[in-house]
Each structure stands twice: as C-alpha cells, then as structure tokens.
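From a predicted model like this one, the values you see are computed outputs, not experimental measurements. Sequence lines set the chain letters: A, B, ... in the order given, protein chains first and strands last, and positions in each chain run from 1.
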Amino acid sequence: MKTFGAFLLFLSSLVKRGESPRILFKRTIDEAILIGIDSIFIVGVVSTFIGAVTCVQISYNLTNALIPRSTIGFMVREMTILELAPTITSIVLAGKVGSNIAGGLGTMRITEQVDALEVMGINASSYLVSPKILASLLVFPMLVILAMFLSILGGYLAGSLSGALSGQEYITGLRSDFIPYNITFALIKSVVFAFLISSISSYQGYFTSGGALEVGKASTNAVTNSVIAILIADFVCAQILL
Amino acid sequence: MIEIHNIHKTFNGNKVLDGIDGVFESGKMNMLLGASGTGKSVLLKCIVGLVKPDIGSITYDGRIFTNNKLDIKQEIRRKIGMLFQGSALFDSMNVYENVEFPLRMLTDMNRAERAERVEFCLKRVGLENAGKKMPSELSGGMKKRVGIARAIAPHCTYLFCDEPNSGLDPLTAIKIDELIKEITMEYDITTIVVTHDMNSVLEYGDNVMFLYKGKKLWEGHSSTIMDTNVRELNDFIFSNRLMRDAKKIEQIEEEEQRQEDEQNAKK
Ligand SMILES: Nc1ncnc2c1ncn2[C@@H]1O[C@H](COP(=O)(O)OP(=O)(O)O)[C@@H](O)[C@H]1O
Ligand SMILES: [Mg+2]
C-alpha cells in the first residue's frame, strides 16, 4: 500500500515541472523508434507461432464432422484478436521493454546520471520517464495490430501446410460474424498494458539504489510486477468492456 | 561565495550531518576532507540541493537556496557545475553531446554558438579530438575531463567535485587536480572539492574543512594542517606512512633549524 502511494506520487511528479513540448516530442519519438525496432522481431516470431499453434490445436480438437472446417479460421481470429495478440504481446513486451526501461533507468540512477540531470535543474523523472511512457502508449497498439495480423497469417500457413483446412475455408471462417468492437477492445487493452508496463518498470528503475546487483533486481521486479499487473488488468478490462 | 549554516541530516535514525557551518570562498579550492562514510558526499549533495537537509540554511552569494521558490532555485542551479565521483556522463551520448547537453537544455544559444562553446571547453580540458567518442571508450581520467568540460560549459559560477581523483593513477590524479585549480582561479569560480587524499589537500587546497562522523572538527588553510593538534585529524593524516615520514623529516628539519638558530644566537 505504501509502495502504491509512492508509485502514485512518482506518476504525479512526471507531469509537474515538465520540459518544453518540443523536447518532450523529440524524446518520445526517439524512444518510440527504439522500442519499436527493439521489439518488432520478437513480437513477429511469437505472434506467428501463436497463430499457427492455435490453428493446429483447434483443428485437433475439432473432430465433429458436422462443424464446418472454416470454424477453425473463425476461432483463430476470435482468440488472437480478443486475447492472444494483445495479452501475449504485452507479456513479451513486459520482458523486453520493461526490463530494458528498468535496467536503463537503474543504471542511470546508480551511476549518478539522474543526479547530474537534477543538478542542472532538469526534472529528471519527467525528462527520462515521460517520453518512455508516451512512446509505449504510441508503439504498443501498433505492435499489437502487427501481432494480430501475423497470428492470423500464422494460422493460415499452419492450416494449409498441415492440411487441416484449405486456405479458402480459413478465409471464409475469418470473414464470418466479424465484430469490429473486438479490435477496439484489443487496442484499449494494449494501451492499458502499455501504461502499466512502462510506468511500473520506470518506477522500479528510477528508485534503484545500490549497485549492479540492485539494477538486476529492479529489472526482474519490473518484469514480474508488470506481468501480474497485465493479467489483473486483462481480467478487469474483460469485466468492464465486454 | 557559498555559506552554509547549521546543516543537519539524518537518514533513518542514522545521524550523518550534525550541525555543520562553513564559508566557501570564490576563486579558491575549498576542500572537504574526511575518511569514507563521514558524510562528505551527503554534505555536498545538501549544498547543491540533491538532498534536503533536515535543518540548516545555504546561501549562494547572499541568496538563500534552501526552501526558496522553485524558480530562484532553478536560477541558482543553472550556475552550478558538478563533477561526480563516477563522472556520471550520459552513456547514450557521445562526448560532444555530453558537453553540449547543458547548453541545449539551459541556454538559448543557437547551434553554432553551442558548437563554439563545446569546442572551447573540450580544448580547455585537453580533449579537442575526442568529441565523437562514446563514454564507454574513455579512460577514467578522460571521463573526469569530459565531466569537468560539461560542468563548466554553461559558464558555471560554482563548481562541485566529489572525489575528482579517486580511482585514478597518481599522475592522472595530479593533472585533474591541477586542471580544477586552474579553472577555479581563471574564472573565479567557487569550487568545493570533496576528497580523502592528503596529497591533493597539501598540493592544491586553499581552505580545508575536516569532517569526522558528521561533525566539522577542524578548518583552516591547507598550509597549517600538518600542525593541527586535533587528534582525529592527526590520526587521519598520519595513517599514511609517507605522511609520517614527511612529518618526521619536517620535525628533524625544524630541530636542525632550531639548533642552528641557537648556535647563531650563541655566536
Ligand atoms: N540516500 C541515503 N540513504 C540512507 N543513507 C545514506 C544515504 N546517502 C548516504 N547515506 C549514509 O550516509 C553516510 C555518509 O555517506 P557519504 O556522505 O556517502 O560518505 P563519504 O564521506 O564517503 O562521501 C553513510 O553511512 C551512508 O550509508
Ligand atoms: Mg563520497
């Protein structure tokens, strides 16, 4: 509870006494490019395989001859858009981006780079952290859209390569009963997760004290806390928004 | 000139600073001397405002710094340069960008003016060709030089150095001390140097303040420090064999001088 209070104080310090919009904008773009380039490969690989595995497993379970094979396409679409693309991608990003943010800020803290900023009269938390959070809010939804796309593509490839269903059937399934709101829901979730990951990891990194060992601990804590927060938020979002 | 009055600081019941007063003059090497863990860094951080003292006041050239309005604090901070113990260079930026950073953030110089100032500062610390290097490629001494260049870039009036020569070989250490002293006198900067190195104190110190367990036990000019009769300071100085030898030689020389004088007097 005390930690939570400190966390809220930390968040409020980000908006007080910020840097000029021009610097904030430039730093956000820099961070966004870093986060994007850093994570695009792993997100691509993970989501393609998730789509493929989902397709193969559904087809394994779907033995009833009365259900058309195109249902597989439908189910892959529903599962990846609603749950797998936003949540799994965010968990992967918690590992990749979260540990990176916490490690980077932690290192800056213990090597006194944060103090160096403060001595210059710069609000170090807003200068360092706000761009990371904004960049995450910007980039995560893009990565999630990419993940949706690649998961569905992965399902298509797995389905046709394993002979579970033809490409035509898969596409028929994809097109049936499409609810556009599901995409909105997934994007809202990705923004929520982006905020949780970037702010929790920044908090862990920013308040590191000690040495290299503590930086490692801060990274680990950032990832575990982010993942737990994602799963709780996932449940809450589903309750509220669906 | 910086004045501090009655500075107290406690961390979780651990009293680190216990009522410290002092005056730090401009154009002088003001040294804070003491063993590790006596609160030198904490005092320095209190003075620059990185740590808030529990009690006490700090004034910069007569302007109150502690508890003052944020914009006045910021205005004073813009005149502060600090060299950190581990240099604290921004490791995502190269040397040039590190020195340019405070100019970009704190002044409204245009690109050309900044470039000129960065060139000048890098040249002043003897690193005119290192602008493109990244901090990870620099030796310890070079990092300190870049740290000094970054500190003085925005024309600082106050310079703070936390153990500027720790972790350096003796020759490099002397060069860094020398550089700080030169810059201090050249630009009439109020410089405060934290150190536990008696060599620096004797060679480059002007005013010295000796801290022991959060208290100031001695202050004076560096030339008089060897004659102190504060026991803790004596223990500190002469924990080093070289210093004991130096003291012995001094005493022998004094003794000889005295005998000579006596003989002269007899004649
Ligand atoms: N942020 C802090 N929180 C708690 N204790 C601290 C903090 N900073 C310094 N201390 C304690 O203050 C004492 C003095 O530290 P310091 O000023 O770094 O010593 P030194 O004279 O070697 O520079 C040490 O015992 C240290 O543990
Ligand atoms: Mg120290």
Side-chain angles (χ1 to χ4, degrees), chain A residues 2 9 12-13 15-35 37-38 100-101 103-132 135 205-212 214-215, chain B residues 11-12 41-42 44-52 65 69-93 97-108 135-136 143 146-148 150-154 156 158-163 192:
Chain A
K2 216 169 124 191
L9 274 180
S12 69
S13 81
V15 276
K16 264 187 252 158
R17 182 162 84 84
E19 298 309 322
S20 71
R22 195 175 55 86
I23 290 173
L24 185 65
F25 179 76
K26 196 180 160 301
R27 295 254 310 120
T28 304
I29 299 299
D30 287 349
E31 294 284 349
I33 291 170
L34 274 181
I35 294 176
I37 291 176
D38 236 29
N100 195 336
I101 289 179
L105 287 176
T107 306
M108 290 192 79
R109 166 65 74 188
I110 64 160
T111 57
E112 298 181 308
Q113 293 176 51
V114 174
D115 288 343
L117 286 171
E118 289 284 348
V119 168
M120 290 176 197
I122 296 166
N123 179 356
S125 60
S126 102
Y127 177 80
L128 292 172
V129 174
S130 304
K132 289 188 202 292
Y206 194 77
F207 291 106
T208 306
S209 62
E214 279 76 12
V215 175
Chain B
F11 285 113
N12 326 315
S41 296
V42 173
L44 201 65
K45 284 179 179 171
C46 283
I47 299 174
V48 298
L50 285 173
V51 170
K52 197 174 180 310
F65 183 63
K69 286 201 274 318
L70 192 65
D71 47 340
I72 293 176
K73 262 184 163 170
Q74 295 297 77
E75 206 184 305
I76 294 174
R77 276 190 159 151
R78 273 155 214 254
K79 297 188 190 153
I80 293 178
M82 183 152 179
L83 174 62
F84 286 86
Q85 208 163 343
S87 302
L89 302 181
F90 301 121
D91 46 23
S92 58
M93 303 179 190
E97 290 162 340
N98 261 285
V99 180
E100 191 196 24
F101 183 81
L103 301 176
R104 223 158 20 101
M105 299 297 289
L106 307 178
T107 69
D108 23 86
S136 55
K143 280 187 192 165
V146 179
I148 294 172
R150 183 178 69 181
I152 63 171
C156 71
Y158 314 101
L159 179 63
F160 300 90
C161 308
D162 197 349
E163 311 218 353
I192 304 183

Atom pair CE (A:M108) and CZ (B:F90), whose distance is rounded to the nearest 0.5 Å: 6.0 Å
Atom group of B:E75 that falls short of 4.5 Å from chain A, counting heavy atoms: neither
B:P102 versus A:M120, closest heavy-atom pair with distance: CB-SD, 4.0 Å
Exercise: identify the closest heavy-atom pair between A:E112 and B:A88: O-CB, 3.5 Å
Point-to-point distance, once rounded to the nearest 0.5 Å, from CD1 of A:I122 to CZ of B:R78: 8.5 Å
4.5 Å side-chain heavy-atom contact, B:M105 and A:I23: yes
Winner by heavy-atom pair count (cut-off under 4.5 Å) against chain A, out of B:K73, B:Q85, B:Q74, B:K79: B:Q74
Over 12 non-hydrogen atoms of neighbours within 6.0 angstrom of CG in B:D71: yes
B:K45 NZ to A:D115 CG distance, which is reported to the nearest 0.5 Å: 5.0 Å
Centroid-centroid under 6.0 Å between A:Y127 and B:F101 rings: yes
B:R104 portion near chain A, given a 4.5 angstrom heavy-atom threshold: neither
Audit row: B:F84, A:V119, side chain to side chain contact (heavy atoms under 4.5 Å, CB included) steps and yes/no: CA-CA 11 Å; B:F84 286 86; A:V119 168; 3.9 Å; yes
Residue B:L89 versus chain A: region with a heavy atom under 4.5 Å: backbone
